[in-house]
Visitor: 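Following this message is one structure expressed as structure tokens.
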Amino acid sequence: MHVALGGCLKSPPISFGITADTGGHISYVLEAAAHQAMSPDVDEVTIVTRLFDAPHLGGDYARPLETVAPKLGIVRIATTRSDYLEKEALAGEMPAFVDGFCDYLAGLPRRPDVIHAHFADAAAVAAIAQRRFGIPFVFTPHALGIDKRAQGACCAGLDERIASEHAAIAGAAAIVVSTRDEEERQLGGYDVRLGRRVHVVSPGVPRRDLIPTTPTLADRLSTWLDRPERPIILAVARPVEKKNLAALVRAYAAHDRLRDAANLVILAGQHAHAGTEEAGVLAELAALAATPALKGRVALPPSHDVSDVAALYARAAAGGVFVNPALHEPFGLTLIEAAAGGVPVVTTRHGGAADIVAAIGHGIPVDPRDEQEIAAAAFAIVSDPARQERLGAAGRVGARGYCWHRYAATSIALYAAVATPRFLASDIDHTLTGCREGAAEFAEWRRQSTLPFVVATGRGIDAARLILRRWRLPMPDAFITDVGTTLTLPDGAGGWREDADYARALDRGWDRAGVVAVLDTLDLTPQPATTARRHKISFFGDAGAADRIRRALSDAGLSARVVFSHGHLIDVLAPGGGKAAAIAAFAARHGWTLADAVAAGDSGNDEDMLAACGHAILVGNASDELDALAPRSGLYQARRHHAGGVVEGLAAFGLDARDAADTSGVAIAA
């Protein structure tokens with residue numbers, strides 16, 4: 001499932017530039033999804049976006065469901081407002097979108113194995129779905145706010161955007177980018193431990209191979225140009241400041257020999273739908289084109305379609321050049337479009353565009369703020385037919401390395417890897433204990449497996465270690481104890497140390513004294529004082545007592561998590577605590593996320609980790625406290641009880657089938 005919120009997303013053909021947000025990422029999402037859907041390894045691909053009703057943009061965007069191709073559809077989620085919104089204005093609609101999206105997922109007969117989020121707003125939605133349904137998400141940023149800041153941009157909401165991108169990078173099971181520049185420089189600016197989560201997967205060439213059956217803009221250049229037979233300098237970009245189109249016009253105007261050698265053609269979106277920023281840029285371009293030096297030499301068509309673009313690339317290949325003067329270009333699909341069409345390029349050296357030119361060898365990178373350098377590079381190509389031909393030929397060859405079928409195969413393999421757990425987090429009591437034969441099987445699985453193993457128990461660490469020894473169970477790589485309020489790691493000297501960072505994180509929002517004062521007013525039976533911890537207060541009681549505690553704390557305005565388990569245990573935790581939170585903290589130390597974990601449990605204090613981890617095993621003896629656990633892909637109900645059920649589930653997930661005595665359990669589907 002792909003999630004992309006901004007812009008006008010529908011089945012092709014796309015009216016690029018119809019809004020400021022309807023750019024290259026729309027083509028990316030559609031092409032990626034379409035080619036993934038062609039794979040026999042894929043059952044279904046869904047693109048989820050926002051529903052809106054804007055007649056001036058067309059009626060497709062108000063359709064809740066749209067079939068694009070076999071196995072591929074678009075689902076649109078309604079929010080509180082029905083009008084079209086630019087991405088900067090979407091924040092107010094996010095709560096409604098999240099609610100609608102989660103309702104949609106909850107009602108599916110089969111949930112997606114992975115969500116691919118495009119931009120940080122979609123990643124925020126995917127992160128909530130991951131916590132609720134355990135579906136891992138992959139993140140593609142497309143463009144990053146930290147680079148806008150590096151280029152001197154200072155716009156409203158930039159700090160919030162960078163913070164949301166930081167959260168997306170930290171929380172994604174994997175990150176897919178298009179160039180090494182994105183991987184090494186752009187993502188590196190966020191100071192997030194990336195591990196091996198970043199994957200450079202080059203997209204393919206957007207389809208521009210339609211054969212026009214009617215005249216195109218290439219046939220009508222005389223509408224704007226005095227000498228339309230001359231070669232063209234072509235630019236295709238949205239009319240926004242960062243695309244720097246006015247600098248290209250000024251560069252062209254200032255170079256007499258370039259003006260005499262070629263005309264300038266700029267496709268700058270659909271002018272009739274221009275917003276405030278776009279209208280300002282278009283007005284500046286029109287004013288420059290109307291000057292005496294440029295009159296009859298610059299074409300600025302008010303609209304275009306895919307046939308026009310294809311025809312103009314073909315026209316530019318005949319002695320012309322394509323120019324991308326953007327202040328920064330994260331990738332630049334137009335550069336590989338130009339390459340495929342045999343068009344030499346002049347492009348910004350800032351961002352991934354320079355990587356593309358270096359890989360293909362079909363053009364010249366320039367400083368986009370140096371208008372003389374832009375003009376000189378363009379003239380060096382159009383004035384030298386041999387060079388133009390050599391660069392064009394290099395482009396046609398190099399573009400073959402950008403293939404959507406290859407992207408689909410690589411990304412599908414990545415999704416499969418994301419859906420494969422990297423470590424096990426298991427409860428002890430009645431999950432690993434309860435059957436000597438099963439405990440021995442689990443110990444043998446651990447002996448043969450390289451998968452990291454974490455204990456996640458309601459007990460304290462001393463009691464947990466004692467129980468493991470009694471049952472001859474293996475020691476873990478880390479202990480999560482006290483119902484997920486303590487994380488204990490190896491100290492490197494054969495001992496253990498509590499993770500102080502996690503403890504400090506649990507202090508946030510935790511008023512222990514206030515909680516104790518409220519609980520003292522209730523008629524509760526405390527557990528032994530030795531069970532109390534800095535972030536945990538424990539009692540004996542039934543489900544009704546747990547509900548009374550929740551109501552009392554809520555009425556007092558105090559934040560806490562109340563966990564009922566094993567039919568008689570009640571634990572009051574710091575609001576940020578719990579087994580899932582501690583597993584996430586352990587995972588983050590290794591550059592992983594909850595999506596990388598397989599959790600195993602049997603009772604109510606396991607519910608949060610069973611719901612949040614990418615994979616989960618319910619042992620056959622699981623308590624009815626878990627009956628409300630939402631069915632989902634990745635949740636396995638074992639037939640065997642106790643540790644034998646854990647081994648069965650691990651085998652069902654392909655995590656060492658040699659240990660499986662019986663894998664006839666069922667994967668729970670909604």
Side-chain angles (χ1 to χ4, degrees), residues 1-6 9 29 32-33 36 42-51 64-65 73-79 90-91 93-141 164-176 197 411 414-416 418-421 578 580-581 583-584 587-588 592-599 607-616 628-635 667-670:
M1 178 175 285
H2 292 266
V3 181
L5 303 182
L9 205 162
V29 173
Q36 289 164 351
V42 172
D43 295 323
E44 185 178 356
V45 180
T46 303
I47 301 171
V48 178
T49 189
R50 176 177 172 266
L51 183 147
L65 302 173
I74 296 174
V75 171
R76 298 185 176 90
I77 305 293
T79 59
L90 282 174
E93 297 300 289
M94 291 300 287
F97 187 91
V98 167
D99 289 345
F101 181 62
C102 288
D103 288 346
Y104 168 69
L105 286 176
L108 287 176
R110 178 185 174 188
R111 293 185 191 132
D113 298 292
V114 67
I115 294 172
H116 194 148
H118 300 270
F119 289 104
D121 53 2
V125 174
I128 293 170
Q130 176 176 285
R131 289 193 294 272
R132 179 167 171 181
F133 301 105
I135 305 169
F137 79 92
V138 173
F139 174 49
T140 292
S164 66
E165 289 167 351
H166 186 282
I169 294 165
I175 303 162
V176 173
R197 292 185 295 131
S411 58
L414 172 60
Y415 298 157
V418 163
T420 301
I583 293 168
W592 302 331
T593 70
L594 283 169
D596 295 306
V598 55
E607 183 175 6
D608 65 338
M609 71 174 183
L610 293 170
C613 291
H615 290 71
L629 198 63
R632 62 178 174 89
S633 174
L635 178 61
I668 299 177

Visitor: For residues V418 and P136, report the shortest heavy-atom separation together with the two atoms involved.
Guide: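 Minimum heavy-atom separation between V418 and P136: CG1-CB, 3.5 Å.
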Visitor: Has the side chain of R76 got a donor or acceptor atom that lies under 3.5 Å from a matching backbone atom of L9?
Guide: yes
Visitor: So, the side chain of R111 versus the backbone of L105: is there a donor-acceptor pair under 3.5 Å, distance only?
Guide: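 Answer holds: yes.
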Visitor: Would you check if I583 and C613 make a side-chain contact, meaning some heavy-atom pair closer than 4.5 Å?
Guide: yes
Visitor: Rounded to the nearest 0.5 Å, what's the gap from CG on L629 to CG on D608? Could you check?
Guide: 10.0 Å
Visitor: Looking only at non-hydrogen atoms, find the nearest pair between P421 and A597 and report the distance.
Guide: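 In this case the closest contact between P421 and A597 is CB-C, 4.1 Å.
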Visitor: Between L65 and V75, is there a side-chain heavy-atom distance shorter than 4.5 Å?
Guide: yes
Visitor: Might you point out which heavy atoms bring H615 and T420 nearest each other, and give the distance in Å?
Guide: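 Closest pair (atom of H615, atom of T420, distance): CE1-N, 4.2 Å.
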Visitor: Is R197 reaching over with its side chain to a backbone N or O of A172, donor-acceptor style, under 3.5 angstrom?
Guide: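 Answer holds: yes.
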Visitor: Any chance you could measure L5, atom CG, to F97, atom CZ, to the nearest 0.5 Å?
Guide: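 Between L5 CG and F97 CZ, I get 4.5 Å after rounding to 0.5 Å.
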Visitor: Any non-hydrogen side-chain atom of E44 less than 4.5 Å from a side-chain atom of R110?
Guide: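 E44 does not reach R110 side chain to side chain.
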Visitor: What pair of heavy atoms forms the shortest contact from A595 to A173, and how long is it?
Guide: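 Shortest heavy-atom contact: CB-CB, 3.9 Å.
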Visitor: So, do V29 and T49 sit near enough that their side-chain heavy atoms are less than 4.5 Å apart?
Guide: no
Visitor: Between the side chain of D99 and the main-chain N/O of A96, is any donor-acceptor distance below 3.5 Å?
Guide: no
Visitor: Would you give the length of the straight line joining atom CE of M1 to atom OG1 of T46, rounded to the nearest 0.5 angstrom?
Guide: 5.0 Å
Visitor: Of all heavy-atom pairs between V176 and T140, which one has the smallest distance, and what is that distance?
Guide: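 Reported closest heavy-atom pair: O-OG1, 3.0 Å.
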Visitor: How are the rings of H116 and Y415 set to each other: parallel, tilted or perpendicular (split at 30° and 60°)?
Guide: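 Ring orientation of H116 relative to Y415: perpendicular.
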Visitor: D121 versus S164: any side-chain heavy-atom pair under 4.5 Å?
Guide: no
Visitor: On a heavy-atom basis, which atom in A129 and which in I115 lie closest, and how many Å separate them?
Guide: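 So the two residues come closest at CB-CD1, 4.0 Å.
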Visitor: Would you indicate whether the side-chain heavy atoms of I169 and P141 approach each other to under 4.5 Å?
Guide: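 Counting from C-beta outward, P141 and I169 never come under 4.5 Å.
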Visitor: Please examine the side chains of I128 and F101, heavy atoms only from C-beta on, and report whether any two atoms are closer than 4.5 Å.
Guide: no
Visitor: For the atom pair OG1 (T79) and CG (L90), what is the distance rounded to the nearest 0.5 Å?
Guide: 8.0 Å
